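Naming convention: chains lettered A, B, ... in sequence-line order (proteins, then strands); numbering from 1 in each chain. Computed from a prediction, not measured in an experiment: that's the story for all the values here.
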Number of protein chains: 2
Amino acid sequence: MGTKERRTREKEQLRRQILSAARELFVNEGYENVSMRKIANKIEYSPTTIYLYFRDKADLLDSVCKETLLDLLNTLGLLNRDKSDPVETLRKSGKAYVEFGLKYPQDYKLTFVVRPQFQQGLGLEEGSVGERVFNYLRAMVSECIRQKAFRRVDVDTAGQALWSAVHGVTLLLIDFSDFPWTEKEKLIDTVIHTMIEGLKA
Amino acid sequence: MGTKERRTREKEQLRRQILSAARELFVNEGYENVSMRKIANKIEYSPTTIYLYFRDKADLLDSVCKETLLDLLNTLGLLNRDKSDPVETLRKSGKAYVEFGLKYPQDYKLTFVVRPQFQQGLGLEEGSVGERVFNYLRAMVSECIRQKAFRRVDVDTAGQALWSAVHGVTLLLIDFSDFPWTEKEKLIDTVIHTMIEGLKA
DNA sequence: AATTTAACTTAACACTGTTAATTATACAGA
DNA sequence: TCTGTATAATTAACAGTGTTAAGTTAAATT
């Protein structure tokens, strides 16, 4: 019959329409300055229609962030991982991570700052996209240790430490853009380089 | 006459009352879940009275955060700085910074996460408390380099890199408390230790 | 053509930050 | 002690918020 398929396709389409309107508004005006009515206006539907597709505003945020994480994962996955030089691969990945954050600062904040604020304890459950991002990092660190490029150190701890560093520099650069930072690229490179050197020693 | 002095004293007292009520509510319920009316109820005044003491809700947040920064600066200042071992002093300060953040997680987030969200570009202007916190860190790094414990590296860059690392680990631990972190202390120590080793190399 | 189902909208609730206008209070000088 | 004045605090109101329940329209099925 196919009409049912068409309907579900149309539903999916509207869902995506809502999602992209929400992302655009969240990014440009900030999550808390965006009302359901604003989103509804943008897609030319009544505000309550959104509730047929998303549980509430937080759920909307949640879905937007999930997309961002997939984007990030994809960006990292596109790097040509040189198995023979895992340290260099790690360095490049760290750099790509920060650059992703600075390229889409508001999306990064939505995912790693705003979302935890409105939905405590989540985003990184087992099987989630967030977990996959971290596993990606973990695998690289593991390879560095296996090839004895890094000193014998707990893989998880090292991975989490690296994540801390790149997350930290990304957020500081985004949040305090008026601070008299040294040259941005230099700071990013120093953070990554210093962490990697520290893991070698 | 002295009545004028008493009045200003009373005004100051109410100001502090508002401030401490606001902090308690912000910390326990989250900035955006606290209404001016809630704060007013707590201090048993009408909501609009608050506006005689603070410009708006963001200004209230601002004042709360300024206090937090002073607290942090004081905590760091209380460390006995051993001039003969600046690296150890730096390590202890980093540790104290993270511990401060984890001891008052909500206050930390209000200052370093929520506030930049609601008042873009600030908190670290010249002469501000935030700048003083960073200067404290800068001085320590400078001493490490002067005594040749660290390789010759730009002081500002190194300081900002260190700040990135401790800021990052603090926020990750606060925001993703359900993530399967390795032992918390171990992670914190690794972050700080790795950065310091990286600056020596 | 009638009926069921799905999609969407209208109306409403309790609440938000904030302003303007108003009232109460405490002080000063007579 | 009374009056005028400055200051402090309040009431009422506005335009907007997320969200729910009830109602309406349109499409698909029988």
Peer 1: Rounding to a whole Å, what distance do you find between B:K11:NZ and C:dT25:C1'?
Peer 2: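 Distance check: B:K11 NZ to C:dT25 C1' gives 14 Å.
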Peer 1: Rounding to an integer number of Å, can you tell me how far A:Q13 CD sits from C:dA7 P?
Peer 2: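 Rounding to the nearest Å, CD of A:Q13 and P of C:dA7 are 14 Å apart.
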Peer 1: Atom CD1 of A:I50 to atom C1' of D:dT17: distance rounded to whole Å?
Peer 2: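 Interatomic distance, CD1 of A:I50 to C1' of D:dT17: 13 Å.
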Peer 1: Could you run down nucleotides 14-20 of chain C 5' to 3' and tag each one B, S or - for protein heavy-atom contact under 4.0 Å?
Peer 2: --BBBB-
Peer 1: Indicate whether the side chain of A:S93 and that of A:R81 have a donor and an acceptor atom separated by less than 3.5 Å.
Peer 2: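 No.
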Peer 1: Check whether any side-chain nitrogen or oxygen of B:T49 sits under 4.0 Å from OP1 or OP2 of D:dA8, and answer yes or no.
Peer 2: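 It does not, given that no N or O in the side chain of B:T49 lies less than 4.0 Å from OP1 or OP2 of D:dA8.
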Peer 1: Show the numbers, then the answer: is there a salt bridge (charged side-chain N to carboxylate O under 4.0 Å, His left out) between A:D175 and B:R115?
Peer 2: CA-CA 9 Å; A:D175 278 337; B:R115 173 163 135 169; over 6 Å; no
Peer 1: If you look at every strand shown and take non-hydrogen atoms under 4.0 Å, does A:Y53 touch a base, only sugar-phosphate, or nothing?
Peer 2: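 Touches sugar-phosphate only.
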Peer 1: When the distance from CD of A:E10 to P of D:dA27 is rounded to whole Å, what number comes out?
Peer 2: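 Taking atom P of D:dA27 as the reference, CD of A:E10 is at 10 Å.
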Peer 1: What is the separation between atom CG on A:N41 and atom C1' on D:dG16, rounded to the nearest whole Å?
Peer 2: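 Distance, rounded to whole Å: 13 Å.
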Peer 1: With salt bridge (charged side-chain N to carboxylate O under 4.0 Å, His left out) as the criterion, how do A:E88 and A:K92 come out once you've worked through the C-alpha distance, each side chain's angles and the decisive distance to 0.1 Å?
Peer 2: CA-CA 6 Å; A:E88 175 59 17; A:K92 279 200 298 203; 5.1 Å; no
Peer 1: If you look at every strand shown and take non-hydrogen atoms under 4.0 Å, does A:L14 touch a base, only sugar-phosphate, or nothing?
Peer 2: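 Sugar-phosphate contact only.
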Peer 1: Regarding B:K200 and the six-membered ring of B:F150, is the cationic atom NZ or CZ under 6.0 Å from the ring centre and inside 45° of its axis?
Peer 2: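 Cation-pi check for B:K200 and B:F150: fails.
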Peer 1: Check A:T111 against A:P116 and note the closest heavy-atom contact, atom names and distance.
Peer 2: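 What the structure gives for the nearest pair is O-CD, 3.6 Å.
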Peer 1: Atom CG of A:L52 and atom P of D:dT20: how far apart are they, to the nearest Å?
Peer 2: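 In whole Å, D:dT20 P lies 12 Å from A:L52 CG.
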Peer 1: Give the rounded distance in Å between these two atoms: CZ of B:R15 and P of D:dA9.
Peer 2: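 Rounding to the nearest Å, CZ of B:R15 and P of D:dA9 are 14 Å apart.
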Peer 1: Do B:K57's NZ or CZ and the ring of B:Y51 fall within the cation-pi criteria of under 6.0 Å and 45°?
Peer 2: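 No; the conditions do not both hold, so B:K57 does not lie above the ring face of B:Y51.
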Peer 1: Output side-chain donor-acceptor pairs under 3.5 Å for residues 186-194 of chain A, partner residues at least two apart or in another chain, one line each.
Peer 2:
from	atom 1	to	atom 2	distance (Å)
A:D189	OD1	A:K95	NZ	2.7
A:D189	OD2	A:K95	NZ	3.4
A:T190	OG1	A:K186	O	2.6
A:T194	OG1	A:T190	O	2.5

Peer 1: Measure the distance from CD1 on A:I39 to C1' on D:dG16 and round it to the nearest whole Å.
Peer 2: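 After rounding, the gap between these two atoms is 15 Å.
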